[in-house]
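To start, the structure under review is shown below, and the notes come after it.
Quick note: numbers below take in every heavy atom, side chains included, and nothing from hydrogens, waters or symmetry partners. For ligands, and for the atoms within them, numbers begin at 1 and follow the listed sequence.
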Amino acid sequence: MYVAVMGFGTVGSGVAELIYKNHDSIVKKSMQDSLEVKYILDIRDFPDNQFADKMIKDFNIILNDPEIEIVVETMGGVTFAYDFVKKLLLAGKSVVTSNKELVAKHGFELLTIAEEKNVNFLFEASVGGGIPIIRPITQCLAANEIDEIAGILNGTTNYILTKMITEKQSFDEALAKAQELGYAEKDPTADVDGHDACRKICILSALSFGKHVYPESVQTEGIRNIKLSDVAYAASWGGVIKLIANAKKLDNGQVNVTVAPRFVPYHSQLASVDDVFNAVLIKGDATGEVVFYGKGAGKMPTASAVVADVIDAAKHTKKKKNFGWADAEENYVADYLAAETALYVRGTTDNKDAVIKALNDKIGAVRVLTRDGAPENEIAFVTNPDAEGKLRNGIESAEGLNVESIIRVADL
Ligand code: HSE
C-alpha cells in the first residue's frame, strides 16, 4: 500500500521518519504486505533530505495516482488543506490529518463526504498531539453518555501560566521564554488568545455530543490580561489560573462551550498539569471522571498519533469507520452569559466597605481576598455562583468600583 504526505514541516517529517523507523511493525499492524511513502508534497526544496527522491510540488500527482489510498495532511492552515482534502475524499482516498483548524471548521462536511465515498477521514493528532483522546472518546467510552469535557488543551499557554505561577515571571517574560524554546509561534495569537484551544474543544464537543460546534460560536478568551496580582489572589483563594476549554451538555439540548482562563482549585486534577503538558478530563455517566494526560504537541508525539491513524485507515480500506457527527442548528451553543459560574474580580476603590455593601445588595455575599503588597485601594473578591450575565451586571453597577480583571471560577 502507498501513502502520500502533504506538508513536510515538523509533523509531516516526523510522520515519514516514524513510518520508516518502525516500518516492519507498522506494516504488520496495518495488515498489509507493505506500506510505503510514495510522495511528499511541499513547495519548499529539501535536496539533502533522506526523502528527497519522494518530494513533489504538484498536488495533482497525488490526486490522480490510483496507487495512493491514504493521504496524510500536515500542511496546516485551512485554504489549501480544505481544497486538497475535499478533492482527495471525493476521489475515494482516505485522509489522515493533524489539522485542528480544518476539522473544527469543516469536519462535518468532510466526514459526510468520507461517509458517502466509503473512505476514512481521521484526526487523532488534531487534539492533544500524542495523547490518545479521539479514539478513547469514540470507542472506549462509547457506552457512556458524556456530560462534560474540560481540558488544558494548549501547551504554550500552560507553559506561560506555569512560569507566572511558579517563578513569578510576568506574562511578557514568560511568552518570550516560550518563543525562545520554540513552544510559541512567532505570532503567538492562536495560542495566547485561545483560538488553538477553541478549535480543539470544538472537535471534542462534536465527538462527545454528536453535533458540530463552529469555532466562531464559542466564547474564546486568552491569557494576555492575566497579571501576577491575579496569580497571587488565586493562590490566596486556594488554586491556580489555567486556560480551560470546557464543553457541557445542557438538559435543553444546547451545549455550553467556552475557552477562558479560570481559577482552578488545588484539589482539581487539572490544577497540577504544568508546563507544556495537556490534560483532558471527561465526565462519563458510567465511568465518572477520566483524565488523559501527556504531551500535546511536538514532532514525534504528534507523528505517533498520525501514524496510528494511517495504520487504522490501512486496516479499514473501503470500510468507513462509524465515526462522525451531525451538523448543528443555529443557537446550538448556548449564550455563555446564561451559564452559572462564580467570578473572581480585582479592581480599585476608595471605599471598600461601601463597595462590599453594594455588592452584597446586588449579587449577595462575596469572599474578599488578600495578597501581600497590595496597594491600599486594591480590592479582590470571589462571588457565589450565579448566571454570569447577572453577576456582571451587578458588579458593573456597584458604585465606586473600578473593575480591572474578571476571571471565572472553574467548577472542577
Ligand atoms: N501550539 C500548540 C500548543 C500546539 O502550544 O499546544 C499545536 O496545537
Side-chain angles (χ1 to χ4, degrees), residues 7-15 72-78 81 96-107 122-134 149-165 169 171 174-207 215 218 220-224 226 241-246 259-261 270 273-281 292-309:
F8 198 61
T10 307
V11 180
S13 58
V15 168
V72 172
E73 186 279 302
T74 45
M75 302 188 303
V78 161
V96 169
T97 185
S98 59
N99 188 333
K100 58 229 72 168
E101 195 177 357
L102 177 70
V103 182
K105 281 195 178 155
H106 300 290
L122 303 177
F123 39 86
E124 181 65 64
S126 66
V127 181
I131 306 172
I133 188 65
I134 304 289
I149 314 154
I152 293 173
L153 300 179
N154 182 268
T156 302
T157 43
N158 204 36
Y159 173 86
I160 292 170
L161 290 172
T162 302
K163 290 291 159 195
M164 292 177 75
I165 294 162
Q169 292 183 9
F171 170 81
L175 172 60
K177 189 73 184 161
Q179 283 173 314
E180 193 186 308
L181 292 168
Y183 299 146
E185 308 294 329
K186 264 217 171 73
D187 173 6
T189 309
D191 292 315
V192 165
D193 292 334
H195 305 302
D196 178 71
C198 172
R199 291 162 192 150
K200 294 167 178 168
I201 195 69
C202 287
I203 297 169
L204 295 181
S205 179
L207 283 169
V218 174
T220 302
E221 298 167 24
I223 63 163
R224 275 183 206 272
I226 308 285
I241 301 173
K242 295 282 179 192
L243 185 67
I244 300 293
N246 193 268
V259 175
L270 296 183
V273 176
D274 284 336
D275 294 311
V276 285
F277 281 87
N278 285 195
V280 186
L281 184 155
F292 300 85
Y293 170 86
K295 285 188 177 155
K299 177 173 171 164
M300 295 320 277
T302 309
S304 150
V306 173
V307 176
D309 274 350

Is the shortest distance from a Lys or Arg side-chain nitrogen in Asp274 or Lys163 to a carboxylate oxygen in the other one below 4.0 Å?
no

With a heavy-atom distance limit of 4.0 Å, tell me whether Asn154 approaches ligand 1 through its side chain, its backbone, both, or neither.
both

Compare Ser126, Gly128, Gly298, Ala297 and give the one whose heavy atom is closest to atom 4 (C) of ligand 1.
Ala297

Within ligand 1, which atoms have a heavy atom of Asp191 less than 4.0 Å away?
1 (N), 2 (C), 3 (C), 5 (O)

Using a plain distance cutoff, I'd like to know if Thr156 has any nitrogen or oxygen under 3.5 Å from a nitrogen or oxygen of ligand 1.
yes

Sub-4.5 Å side-chain heavy-atom contact between Met75 and Asn99
no

Please could you name the atoms of ligand 1 that Lys100 approaches to less than 4.0 Å, counting only its heavy atoms?
7 (C), 8 (O)

Over 12 foreign heavy atoms within 6.0 Å of NZ, Lys295:
no

Atoms of ligand 1, numbered as shown, that sit under 4.0 Å from any heavy atom of Gly155:
3 (C), 5 (O), 6 (O)

Which one holds for Asp196 and ligand 1: side chain close, backbone close, both close, or neither close, with close meaning a heavy atom under 4.0 Å?
side chain

Close side-chain approach of Phe277 and Ile152, heavy atoms under 4.5 Å
no

From CA spacing to verdict: side-chain contact (heavy atoms from CB on, under 4.5 Å), Ile149, Val280
CA-CA 7 Å; Ile149 314 154; Val280 186; 3.7 Å; yes

Which pair of non-hydrogen atoms, one from Leu243 and one from Ala197, has the smallest distance, and what is that distance?
CD2-CB, 4.4 Å

